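Proteins get letters first, then strands, A, B, ... in listed order; numbering begins at 1 in each. These figures come from a predicted structure and were not determined experimentally.
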Amino acid sequence: MIDVLIIGSGGAGLSAALAAKEAGASVLVVGKMYPTNSQTSMAQGGMNASLGNMGEDHISLHVQDTVKSAKGLCDEDMVRHMCADAPKTIAWLEKLGVPFSRINKEALQNDRDPNASLKTIAQRQLGGASAKRACYAQDYTGLKILHTLYDTCLKEGINFLDEHFLLNLIVPEDTVKGATFLDIRTGEVKQIDAKSVILATGGYAGIYHGFTTNMYGASGDGAAAVLRAGGAVSDMEFIQFHPTALKHSCILVSESARGEGGYLLNEAGDRFIDELKPRDEVARAIFSQIQAGQHVYLDVRHLGEEKLTELLPQEVELCKLHEHVDPAHELIPIKPVAHYSMGGIDVDYALEVNGIKGCFAAGECSNAKVHGANRLGGNSLLEITAFGRFAGENAYKHSIYASSKPADETQLQKDRREIASIFSKKSSISFYSYREKLGSLFYKKVGIIRENSRLQEALEEVISMQIAQKEMGITDKNKTNNQNLIEFLEFQNTLLLAPAIISAAIARDESRGAHYKVGFEEEDEDFKKHIVLQWKRDNQEGESTL
Amino acid sequence: MNIKILRSETNTHQSYTLPAGEIPLLSALVYIKETQDATLTFSAGCRASVCGTCAVRVNGREELACSYKVKPGDIIEPLQYHPVLRDLKVDKSKAQETLRRGTTWLQQFQESPLSHEDEKRTEKQTDCILCDSCYSACPVFAVNPDFLGPFALTRAYRYTEDKREGNAKTIIDNIQNNGVWDCTLCGECTAVCPKNIDPKMDITMLRSTSLQYGHSDPSFAAQSFGTPDFGGGFGFDPNAGF
């Protein structure tokens, strides 16, 4: 039996794998795609660490900025842990060979300081930060970190099992014993036994299908599995909207565009918000302009062609490709869309899942309470690497004392029957059209500006979708490589999480960070707490505990 | 407009009708799957040319489905030299195994404060998204399935050129067999790379580094030019003393 089973092979999963292996664990990483296909590849702006390479900075300032942006909803101890770990985490990545962007410091060329190479890492300022704090690699920061982690995993002989879709956690008596997977290639349902499990399955902002920067498959599979297994999720209502996505394709234009001096303009050519404010404020300001009938643009023309190609090469290409504009000479049409899920699997100080012993969660899927009501740009890449490693170490510690008696096949048989029933069921309604409907429903009624009446409507619509789901199924009946089946399972997961998101949003009668509600425009001290949701034992309905 | 997609079950090109207008191929594939034929199988991820999932061949040339704009009559096929799992979905594990064989990672870290110019030396190479386009376009695989191939060699180059690498020789040693010398320098990899990486140039550079480390072109050494064999690599041996 393996010591640590890691589900999800993005930045958090790979960091966890390396840390667990380093600690002495036997490790297996299981992902639904290939490791380098993950959402981490899309992170552009940077990774925060108070190195102070471009002027004064300190860990306490990083903590302060994060806490301020979180609007009272983060756990300051966890934030302190993450921010204090940041310089060490950058040092770790530097030693693995991450190709960070650099500044020239001639004096360092003969420096004997053991950390001399850290001092030439360039840093830039992102929204809500009080210093130039984000380490970056042009605008390919996530891609280059992810690939270097992957190279290191190959070096360390980490075992991977690709193209396996997580079905359920195996949790007899509140302790995890492994998980069941659908082998996408063969169509077989498999059980993998493990002493500890780490969920690194990514976020759930893909529920805003058609209105999200997220990749296909950001469907909150891990959070849904935790709910089904009796664990808790929290802060589900906090969905971050990225202010600047390309208007027609929803492809992300990194915050670094504003960090480097880009302006936001309305049709009249007027600036209407300080571009470096935190994302929630900027997104709302843009959304209000759009609601008032304005088109909104990002203007980076004044930065000049040379600087744009140097700092934002990916953006320039994407603008030309998807919007037919050359950012060096034209305005970029933008709109805010769902980008990041700040809530997720509820974890404690050790990142162990609330309600499931031996199961840990790291990265966007988990709610380690470091982002609170609004995540700062540059803190997610930090979270996945710092807390990914932390989860790896803790999962190994748990595995030392965990029983090595494997679970029986109850869950496996149940899941085999479930998959077989999906195959045998007749599909009279296409779930694809419902995936679209759910996405636009969420953007319209569970979006940037919320109202209780509209949230109620959304909840009712979601419940009727859940009823209609019984009529939905797959039309592709091929057992092997059935992407139709995978997309259906993903849709089921989003539909399972949808009421949790809406219920929490209804319960929170206030405005805080990314959650803004008409009629309750102020922060309310009574709501300075997390909304934790867990299914009742009989698995019938959601139970909310405030 | 009509496009044709190679279906693996029938091994025939199936024709699909799309609404007129300029859309990315990936949107077209999604449209077909959602509204016409749910059995059409392909891989996709980010839609933004950065996750490397959706590479396919269009009219015989490798393209990222998310960045290629569909044209009437396009013929869509899976990548070459990868086992086809179904329709446009291929098995990339054998190709990615080349990274392991080439030991393309930082072997041994040495402290070295990099400059902006140092960053630029491998910036392009680290843009690689492992989409496997170059692998699919490389004709060497038709005759030598064990070739390390362009992306693995570009990655090897990326680490050997990093000043933080304290043991570049190990990588160089590990890319000699089925590696740098097996490339024909045809440049197909460079032509199709969606990130404008130039693996051909990287391989050329690796050859020269290989010579510096005492390796030689095995085919060159094995060939007879009708002149006496002087041994030692015919003037390319850095230890030969001239």
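Taken to the nearest 0.5 Å, the CZ atom of B/R47 stands 10.0 Å off from the CG atom of A/L252. Going from atom OG of B/S49 over to atom CD1 of A/I251 covers 7.0 Å, rounded to the nearest 0.5 Å. Interatomic distance, NZ of B/K69 versus NE2 of A/H322, reported as 6.5 Å (0.5 Å rounding). In this structure, B/T39 OG1 and A/I474 CD1 are separated by 11.5 Å, a value rounded to the nearest 0.5 Å. For the atom pair SG (B/C51) and CD (A/Q39), the distance works out to 9.5 Å, reported to the nearest 0.5 Å. In this structure, CG on B/L114 lies 5.5 Å from OG1 on A/T120, to the nearest 0.5 angstrom.
Note: B/T126 leads B/T126, B/L99, B/D87 in heavy-atom pairs under 4.5 Å with chain A. Counting heavy-atom pairs closer than 4.5 Å to chain B, the top-ranked of the candidates A/I103, A/T152, A/I121, A/N484 is A/N484. In terms of non-hydrogen atom pairs under 4.5 Å with chain A, the most contact-rich of B/A44, B/S67, B/S93 is B/S67. For chain B, the option among A/Y150, A/Y34, A/F100, A/F431 with the highest count of heavy-atom pairs below 4.5 Å is A/Y34. The most heavy-atom pairs under 4.5 Å with chain B, out of A/M42, A/M33, A/Q138, come from A/Q138. Between chain A and the residues B/Q96, B/R100, B/K92, B/Q107, the most heavy-atom pairs under 4.5 angstrom are made by B/K92. No other option in A/E487, A/K155, A/Q483 has as many heavy-atom pairs under 4.5 Å with chain B as A/K155. With chain B as partner, the option from A/L321, A/T475, A/N214 having the largest number of non-hydrogen pairs under 4.5 angstrom is A/L321. Ranked by heavy-atom pairs under 4.5 Å with chain A, the first of B/T104, B/D91, B/T35, B/D162 is B/D91.
A distance-only check finds a donor-acceptor pair linking the side chain of B/E111 to the backbone of A/S117 [under 3.5 Å].
The contact between B/Y159 and chain A is made entirely by side chain atoms (from C-beta outward), counting heavy-atom distances below 4.5 Å. Neither the backbone nor the side chain of B/C131 comes within contact range of chain A; no heavy atom of the residue lies under 4.5 Å from a heavy atom of that chain. Contact annotation for B/L26: only side-chain heavy atoms (C-beta onward) come within less than 4.5 Å of a heavy atom of chain A. Of the two parts of B/K120, only the side chain, counted from C-beta on, holds a non-hydrogen atom closer than 4.5 Å to a non-hydrogen atom of chain A. With a threshold of 4.5 angstrom between heavy atoms, A/T40 does not approach chain B through any atom at all. Interface residue B/R164: only side-chain heavy atoms are found under 4.5 Å from chain A. Heavy-atom distances place the backbone of A/L96, and not its side chain, under 4.5 Å from chain B. Contact annotation for B/D127: both backbone and side-chain heavy atoms come within less than 4.5 Å of a heavy atom of chain A. With a 4.5 angstrom heavy-atom cutoff, A/H324 touches chain B only via side-chain atoms. Looking at A/E94, both its backbone and its side chain come within 4.5 Å of chain B, counting heavy atoms on both sides. Only the backbone of A/S249 has a heavy atom closer than 4.5 Å to any heavy atom of chain B. Contacts between B/Q110 and chain A at a heavy-atom distance below 4.5 Å are absent for every atom of the residue. The contact between B/E123 and chain A is made by backbone and side chain atoms together, counting heavy-atom distances below 4.5 Å. For B/S112, the part lying near chain A is the backbone, with the side chain staying farther off; criterion is any non-hydrogen pair under 4.5 Å.
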* Run the side chain to side chain contact (heavy atoms under 4.5 Å, CB included) check on B/V50 and A/Q44 step by step: do they pass? -> CA-CA 10 Å; B/V50 73; A/Q44 299 175 355; over 6 Å; no
* To do: Give the intermediate values and the outcome of side-chain hydrogen bond (donor to acceptor under 3.5 Å, both in side chains) for residues A/S101 and B/E119.
  => CA-CA 6 Å; A/S101 290; B/E119 170 204 343; 3.0 Å; yes
* To do: Go through B/W105 and A/E156 one step at a time and tell me if the side chain to side chain contact (heavy atoms under 4.5 Å, CB included) criterion holds.
  => CA-CA 10 Å; B/W105 46 73; A/E156 300 301 333; over 6 Å; no
* To do: Give the C-alpha distance, both sets of side-chain angles, the deciding distance and a yes or no for side-chain hydrogen bond (donor to acceptor under 3.5 Å, both in side chains) between B/R155 and A/H147.
  => CA-CA 10 Å; B/R155 196 160 289 228; A/H147 280 243; 2.8 Å; yes
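For the pair B/K195/A/E317, no side-chain contact is recorded, criterion being any heavy-atom separation below 4.5 Å from C-beta on. Residues B/E117 and A/N104 have side chains in contact (heavy-atom distance under 4.5 Å, counting atoms from C-beta outward). Contact annotation: the side chain of A/S41 never approaches that of B/I129 to less than 4.5 Å [non-hydrogen atoms, C-beta and beyond].
Counted within 6.0 Å of NZ on B/K124, heavy atoms from surrounding residues, nucleotides or ligands total more than 12; the atom is thus considered enclosed. By the neighbour-count criterion of 12 heavy atoms within 6.0 Å, atom CE of B/M201 is sparsely surrounded, having that number or fewer from other residues, nucleotides or ligands. Residue B/D146 qualifies as enclosed at atom CG: its count of foreign heavy atoms under 6.0 Å is above 12.
Between A/E163 and B/K89 there is a salt bridge, since at least one side-chain N of the basic residue sits less than 4.0 Å from a carboxylate O of the acidic one. The pair B/D118-A/R102 fails the salt-bridge criterion, with no side-chain N (NZ, NE, NH1 or NH2) lying under 4.0 Å from an Asp/Glu carboxylate O.
A side-chain hydrogen bond (donor to acceptor under 3.5 Å, both in side chains) with B/R86 is found for exactly one of A/D476, A/T480, A/N482, namely A/D476.
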